[in-house]
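Heads up, the thing below is written out as structure tokens.
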Amino acid sequence: MSLEFLTADSFHDPFAFPAPPAWKRRSTENDAKQPLLYFHTDINSCYASCERILDPSLKNRPVVVLSNNDGCLVALSAEAKAMGYRLGDPWFKVRDQALARGVVARSSNYELYGDISSRVMAVLREYAHGFEQYSIDEAFLTIPVSPAEAVHIARAIKDDLARRIGVPVCVGVARSKTLAKLANKTAKKVPVLRGVCVWDRLPQARRSALCQALPVDEVWGVASRTRKKLAGMGILTIADLTEADIPMIRKRFSVVLMRTVLELRGISCIPLEEERKFKDQLIYSRSFSTPIVDREEMAQVMSVYAQRAAKRLVRDSQHAKHLSAFCATSYYGADLVFPAVQVRLQAPTADPVVLTKAGLKLLEHAAFDGPRYARAGMLLTDLTPADSATAFDLFQYPHEKRQIATTIAAIEQKLGEGTVGLGRAGFARRPLWEMKRELLSPRGTTHWEELVAAR
DNA sequence: AGGCCTCAG
DNA sequence: AGTTCTGAGGCCT
């Protein structure tokens, strides 16, 4: 993978880019004549690139970012990929050799990535007529322009993000989201494209060669299960899938795959999604650094998880009506034990006391005479906006009137995360089972005391 | 309506 | 010994 754009002159030259050009404007009646094109943008090796922004010594070095609990690789710089490391490699397996070969590893620092992400999204919105943030590092934009113009816009987006934020991105452009994703992937794989691929500007021969070479699961929305089923019918490549019989796909598979096939043909049928104001569910689930066998320790886990989940509810201004709590032994062990409990709450709540009490019901359903629990979690569903129904005092929990959750939030705001905790979560030191994040970088853009220093 | 399956990043 | 976490949508019953 070429990283030449990182060293290109334009990367450093603030005068290399003119003021926002004419197409960086909201729609006019003129736009109606243009076809709507989908621009798919994503940050190359997002987490590794974010780590690099704050630590330039990582430039040109192999960088890997580890999942929660420092379990496996979730992001790799181009150099690390070139050395043969792969997404999902268990860290404990590659660790010694990787460190010896000069690989730099970091625990995932979601606060940093979230902050960089929002800066990137803000820039992207400047270019977009329609906009959808698809994930922390990806967005779809729609812009009514010709493919010829799209080439320039896509390149401007890429250069702008390199200059203003310092992240490398690729841009794929096409008439549907699915093709835009495919174009993006092409931009990543074909160095001469220099990070930008407008599908309709690729020579037809190149496009079909690509589609005949790539397996179906390179397509957005097609994964291993569908690949196997398709293979049984002789549909192996993207080209095969594009030509597949639509009614057959609808009948033997699903509307989802049917849409995918249409989109591959350039017929857009997966529109931009509206921004979801509220989530439908909230999950707080973690693996432990060491297994839990003890009931009292699991009680502590539930207490901590309930309070963290409560904190998210408060942040999102939501209340929950239903809670399920579970714990589980390792996936990889011989016999999976997976106790779970469902609790219907009396009223929608974000109260950590209520949630803790509900979570503790798990202990009544779980055995503690052998199972070594590797993870636990809490699932909050039936979420409602916090201001909707709770006006009725009658249905409020008594703690809520005393504002426990918001008080805790206020104290943590002032004194820092984890300075207060209720009941079992009020420990002075981190408990043993807390997930590992040993290689964490500073939260250099969001916390004063960890602010990045410039000389 | 709710459990299960599939998928994504 | 150790292998992520979170969220959505469709299908089936």
Are OP1 or OP2 of [N] and a side-chain N or O of [X] less than 4.0 angstrom apart?
{"X": "A/Ser287", "N": "C/dT3", "answer": "no"}
{"X": "A/Arg286", "N": "C/dT6", "answer": "yes"}
{"X": "A/Arg312", "N": "C/dT6", "answer": "yes"}
{"X": "A/Thr226", "N": "B/dC7", "answer": "yes"}

From the options [options], select the nucleotide whose nearest atom is closest to the side chain of [X].
{"X": "A/Ser330", "options": "B/dG9, C/dG10, C/dT3", "result": "C/dT3"}
{"X": "A/Lys279", "options": "C/dG7, B/dA8, B/dC7", "result": "C/dG7"}
{"X": "A/Gln281", "options": "C/dG7, B/dC5, B/dA8", "result": "C/dG7"}
{"X": "A/Asp137", "options": "B/dG9, C/dC11, B/dC5", "result": "B/dG9"}
{"X": "A/Ser254", "options": "B/dA8, B/dC5, C/dC11", "result": "C/dC11"}
{"X": "A/Ala223", "options": "B/dC7, C/dT6, B/dG9", "result": "B/dC7"}
{"X": "A/Ser67", "options": "C/dT4, B/dT6, C/dT3", "result": "C/dT4"}

With rounding to the closest Å, how many angstrom separate the P atoms on B/dA8 and C/dT3?
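Looking at atom P only, B/dA8 and C/dT3 are 24 Å apart.
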Residues A/Asp217 and A/Arg227 bridged, charged N to O under 4.0 Å
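Result for this pair is yes, salt bridge flagged.
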Salt bridge present between A/Glu263 and A/Lys181 (N-O < 4.0 angstrom):
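Salt bridge: no.
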Quick one: [X] [atom1] to [N] [atom2], roughly how many Å, whole number?
{"X": "A/Leu87", "N": "C/dC5", "atom1": "CG", "atom2": "P", "value": "15 Å"}
{"X": "A/Arg259", "N": "B/dT6", "atom1": "CZ", "atom2": "C1'", "value": "14 Å"}
{"X": "A/Leu379", "N": "C/dT6", "atom1": "CG", "atom2": "P", "value": "11 Å"}
{"X": "A/Phe288", "N": "C/dT3", "atom1": "CZ", "atom2": "C1'", "value": "16 Å"}
{"X": "A/Ile270", "N": "C/dG9", "atom1": "CD1", "atom2": "P", "value": "12 Å"}
{"X": "A/Ile292", "N": "C/dA1", "atom1": "CD1", "atom2": "C1'", "value": "17 Å"}
{"X": "A/Gln342", "N": "B/dA1", "atom1": "CD", "atom2": "C1'", "value": "14 Å"}
{"X": "A/His40", "N": "B/dG9", "atom1": "NE2", "atom2": "C1'", "value": "10 Å"}

So, [X] side chain and [Y] main chain: donor-acceptor pair closer than 3.5 Å or not?
{"X": "A/Arg155", "Y": "A/Arg194", "value": "yes"}
{"X": "A/Arg295", "Y": "A/Leu363", "value": "yes"}
{"X": "A/Ser108", "Y": "A/Leu66", "value": "yes"}

Mapping A/Phe253 and A/Pro90 to their closest nucleotides on DNA chain C, which lands nearer the 5' end?
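The answer here is A/Pro90.
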Start at the 5' end of DNA chain C and walk down; is the nucleotide closest to A/Phe92 or to A/Ser285 reached first?
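Its nearest nucleotide being more 5', the pick is A/Phe92.
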Once you apply a heavy-atom cut-off of 4.0 Å, does [X] come out as touching a base, just sugar-phosphate, or nothing?
{"X": "A/Val219", "result": "sugar-phosphate"}
{"X": "A/Asp280", "result": "sugar-phosphate"}
{"X": "A/Leu282", "result": "sugar-phosphate"}

Parallel, tilted or perpendicular for A/Phe140 and A/Trp220, by the 30°/60° rule?
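Rings of A/Phe140 and A/Trp220: tilted, as their planes differ by 30° to 60°.
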